[in-house]
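Scroll down for the structure; my scribbles are underneath it.
What you are looking at is a predicted structure, and each value in this text was computed from that prediction instead of being measured.
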Amino acid sequence: MRRRYILAATVALPFLAQPAWANLVYVSNEKDNTVTVVDSKTMEVVKTINVGQRPRGITISPDGKIIYVCASDDDTVEMIDTATNEVVGSLPSGPDPELFVLSPDGQTLYVANEDDNLVTVIDVNTKGVVAEIPVGVEPEGMGVSPDGKTIVNTSETTSMAHFIDTSTHEITDNVLVDSRPRFAEFKPDGSEVWVSAEIGGTVSVIDNKTRAVTHKITFEIQGLRSEQIQPVGVRITADGKKAYVALGPANRVAVVNTETYEVEKYVLVGQRVWQLAFMPDGKQIISTNGLSNDITFIDTETDEPIKSVTVGQLPWGVAISPN
């Protein structure tokens with residue numbers, strides 16, 4: 001892992017003790033305007049990075065060199081150099097960026113601008129806006145197909161998933177889902193898109209060819225009222241066999257069989273679970289738990305929590321270095 005040896009030689013002393021093979025976990029903390037860096041091997045915080053106001057969406061370039069984070073109240077996307085873990089620049093995101101998705105080749109960023117009902121398309125190399133795509137009211141969720149040809153935006157108030165052709169920047173299909181859709185996730189083979197509906201309490205499974213809803217996944221947890229179960233973040237394993245769904249104030253992550261569309265397990269994590277991210281080897285998934293100010297490492301073989309780690313205030317998004 002050449003980059004990690006360079007890192008150990010050039011930054012502050014605490015990094016010297018970190019194993020070369022450990023992936024770094026980056027967590028955006030909405031309330032205290034920071035990104036917390038956690039060593040995945042020791043499961044300990046190794047740095048806190050000051051960023052713009054109300055950081056939410058966060059992702060990482062395919063080569064692992066740049067972290068992108070939505071500074072929502074500053075109307076910008078900030079760039080963090082992972083070699084130094086310092087902010088090194090910004091991108092013109094449009095107003096109130098909340099969530100975004102990076103194209104598979106790492107060249108284009110698609111940003112949901114909640115206040116102006118737009119998706120802003122950014123060339124990360126030129127740092128310029130390529131297009132602004134009008135979508136429904138209060139856009140938030142963003143997903144991209146594995147081949148990079150289609151993006152999906154979810155609009156909270158319109159309750160739709162908008163399918164957009166990345167070559168023309170035009171909407172090709174509008175699919176009605178349940179109330180307040182928050183996230184869109186393609187299956188690894190591109191055959192389906194899973195869209196969570198926070199208030200509707202469901203995940204809609206959309207066929208990517210017909211653009212029709214084929215299944216509605218619902219959730220029931222003993223002892224909880226239905227309004228406490230609010231699906232938000234969704235992640236699907238690389239083999240396409242399991243999906244993990246963050247259930248908000250239910251304080252649980254649902255494990256769903258993607259062939260039967262049945263919930264197989266509920267994993268208890270911290271309070272108000274928002275988003276999820278897999279470790280590169282797929283052996284763990286990490287949840288951000290907003291109200292308990294921590295993240296939880298979950299073993300994907302046993303689907304049991306391993307450890308929770310305290311981070312900043314109101315952790316929202318999570319991204320993990322690939323090396």
Side-chain angles (χ1 to χ4, degrees), residues 56-70 76-77 79 90-114 116-156 158 160-177 181-196 204-213 233-236 238 240 275 277 317 319 322:
R56 287 185 280 182
I58 187 169
T59 192
I60 191 166
S61 60
D63 61 10
K65 293 181 179 180
I66 297 292
I67 291 283
Y68 300 96
V69 58
C70 288
T76 191
V77 171
M79 303 166 65
S90 64
L91 300 172
S93 69
D96 192 21
E98 186 160 346
L99 261 174
F100 49 22
V101 68
L102 193 62
S103 61
D105 63 8
Q107 304 301 303
T108 309
L109 198 63
Y110 301 95
V111 185
N113 300 125
E114 189 169 26
D116 275 17
N117 306 332
L118 295 172
V119 169
T120 298
V121 183
I122 304 169
D123 185 312
V124 300
N125 294 314
T126 66
K127 299 184 180 180
V129 173
V130 175
E132 292 180 331
I133 306 167
V135 290
V137 180
E138 289 190 286
E140 176 163 337
M142 297 296 303
V144 62
S145 61
D147 61 11
K149 294 180 178 180
T150 303
I151 57 171
V152 172
N153 166 255
T154 65
S155 54
E156 293 183 54
T158 312
M160 282 186 174
H162 309 288
F163 286 74
I164 300 168
D165 186 317
T166 58
S167 64
T168 64
H169 300 139
E170 296 288 336
I171 293 176
T172 60
D173 297 274
N174 295 303
V175 181
L176 188 66
V177 293
R182 298 299 294 265
F183 204 82
E185 177 80 347
F186 278 83
K187 259 190 170 181
D189 64 4
S191 62
E192 295 175 348
V193 184
W194 289 43
V195 176
S196 63
S204 294
V205 179
I206 303 171
D207 185 289
N208 192 29
K209 288 185 178 179
T210 65
R211 305 287 164 81
V213 175
V234 181
R235 295 295 181 189
I236 300 174
Q275 301 295 338

Notebook entry, point to check: Does Asp123 reach the main-chain N or O of Thr126 with its side chain, forming a donor-acceptor pair under 3.5 Å?
Noted result: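 A pair under 3.5 Å: yes.
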
Check: Between His162 (side chain) and Gly136 (backbone), is there a donor-acceptor pair under 3.5 Å?
Finding: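 Looks like yes, one N/O pair under 3.5 Å.
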
Can you see which heavy atom on [X] is nearest to which on [Y], and at what distance?
{"X": "Ala184", "Y": "Thr154", "value": "CB-CG2, 4.1 Å"}
{"X": "Phe163", "Y": "Asn208", "value": "CE2-OD1, 3.6 Å"}
{"X": "Thr210", "Y": "Asp207", "value": "N-OD1, 2.9 Å"}
{"X": "Val77", "Y": "Cys70", "value": "CG2-SG, 4.4 Å"}
{"X": "Pro104", "Y": "Pro146", "value": "CG-O, 3.5 Å"}
{"X": "Pro62", "Y": "Asp105", "value": "CG-C, 4.2 Å"}

Quick one: [atom1] on [X] to [atom2] on [Y], what's the gap to the nearest 0.5 Å?
{"X": "Lys127", "Y": "Ser90", "atom1": "NZ", "atom2": "OG", "answer": "7.0 Å"}
{"X": "Asp173", "Y": "Ile206", "atom1": "CG", "atom2": "CD1", "answer": "9.5 Å"}
{"X": "Leu109", "Y": "Ser103", "atom1": "CG", "atom2": "OG", "answer": "8.0 Å"}
{"X": "Ser145", "Y": "Lys187", "atom1": "OG", "atom2": "NZ", "answer": "15.5 Å"}
{"X": "Ile66", "Y": "Thr59", "atom1": "CD1", "atom2": "OG1", "answer": "12.0 Å"}
{"X": "Tyr68", "Y": "Ile60", "atom1": "OH", "atom2": "CD1", "answer": "10.0 Å"}

Any side-chain heavy-atom pair of [X] and [Y] under 4.5 Å:
{"X": "Thr120", "Y": "Pro97", "answer": "no"}
{"X": "Met142", "Y": "Ile151", "answer": "yes"}
{"X": "Asn117", "Y": "Pro139", "answer": "yes"}
{"X": "His169", "Y": "Val130", "answer": "yes"}
{"X": "Tyr110", "Y": "Thr166", "answer": "yes"}
{"X": "Leu99", "Y": "Arg56", "answer": "no"}
{"X": "Ile133", "Y": "Asn153", "answer": "no"}
{"X": "Val135", "Y": "Ile164", "answer": "yes"}

Note to self: By the side chain to side chain donor-acceptor pair (under 3.5 Å) test, which pairs, at least two apart or in different chains, include something from residues 128-140?
What the structure shows: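 Every side chain to side chain donor-acceptor pair (under 3.5 Å) pair that includes a residue of residues 128-140, provided the two are not neighbours, is Glu138-Thr157, Glu140-Arg182.
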
Margin query: Test of understanding: with side chain to side chain contact (heavy atoms under 4.5 Å, CB included), list the residues that count as partners of Thr168, not counting sequence neighbours.
Written below: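 Result, side chain to side chain contact (heavy atoms under 4.5 Å, CB included) vs Thr168: Asp165, Glu170.
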
Check: Does Thr108 have any side chain to side chain donor-acceptor pair (under 3.5 Å) partners at least two apart in sequence or in another chain, and if so, which?
Finding: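 Not a single residue meets the side chain to side chain donor-acceptor pair (under 3.5 Å) criterion with Thr108.
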
